[in-house]
Amino acid sequence: MFIDSQGNVCPCDFTMLSFGNILERPIQEIWKETSKHFCTPGPACYANISNDVIFSKKKAEWPLKKTGNP
């Protein structure tokens, strides 16, 4: 888990996908939701796998906000 300087909670510091903001929701709530999608360590780096998909969104603001299924 990574929390940026704005309070956004991301799966790691290289994955620009926010599951919430600690200024808006309790960290326990965000952790519980994040853990549903990132429940066990994997054999590969999620940032390497998802980078092209996330970058293709070309948002002016990072991290991307979670909408629907990540």
Side-chain angles (χ1 to χ4, degrees):
M1 173 188 289
F2 173 73
I3 302 173
D4 71 14
S5 62
Q6 313 290 287
N8 296 299
V9 180
C10 301
C12 78
D13 54 341
F14 298 110
T15 302
M16 299 304 288
L17 174 65
S18 175
F19 275 79
N21 188 295
I22 60 171
L23 302 175
E24 299 166 359
R25 293 173 50 204
I27 187 71
Q28 296 89 342
E29 203 176 280
I30 299 169
W31 175 259
K32 186 175 180 181
E33 182 181 352
T34 305
S35 295
K36 290 178 186 176
H37 302 285
F38 297 90
C39 56
T40 58
C45 173
Y46 181 75
N48 284 336
I49 295 168
S50 64
N51 183 54
D52 291 340
V53 173
I54 291 174
F55 188 73
S56 72
K57 304 296 180 188
K58 293 189 169 79
K59 298 291 275 188
E61 181 181 324
W62 297 101
L64 292 177
K65 305 295 184 235
K66 184 185 81 58
T67 57
N69 292 328

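The figures here come from the full heavy-atom set of this structure, side chains too, leaving out hydrogens, waters and symmetry mates.
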*asked:* Applying side chain to side chain donor-acceptor pair (under 3.5 Å), can you list everything that pairs with E29, at least two apart in sequence or on another chain?
replied: R25

*Check I22 against I30 and note the closest heavy-atom contact, atom names and distance.*
N-CD1, 4.0 Å

_Nearest 0.5 angstrom please: D4 CG to N21 CG, how far?_
7.5 Å

*Could you grab the distance from atom SG of C10 to atom CE of M1, nearest 0.5 Å is fine?*
10.0 Å

*Under a 4.5 Å side-chain heavy-atom rule over Ile, Leu, Val, Met, Phe, Trp and Tyr, are F19 and F14 clustered together?*
no

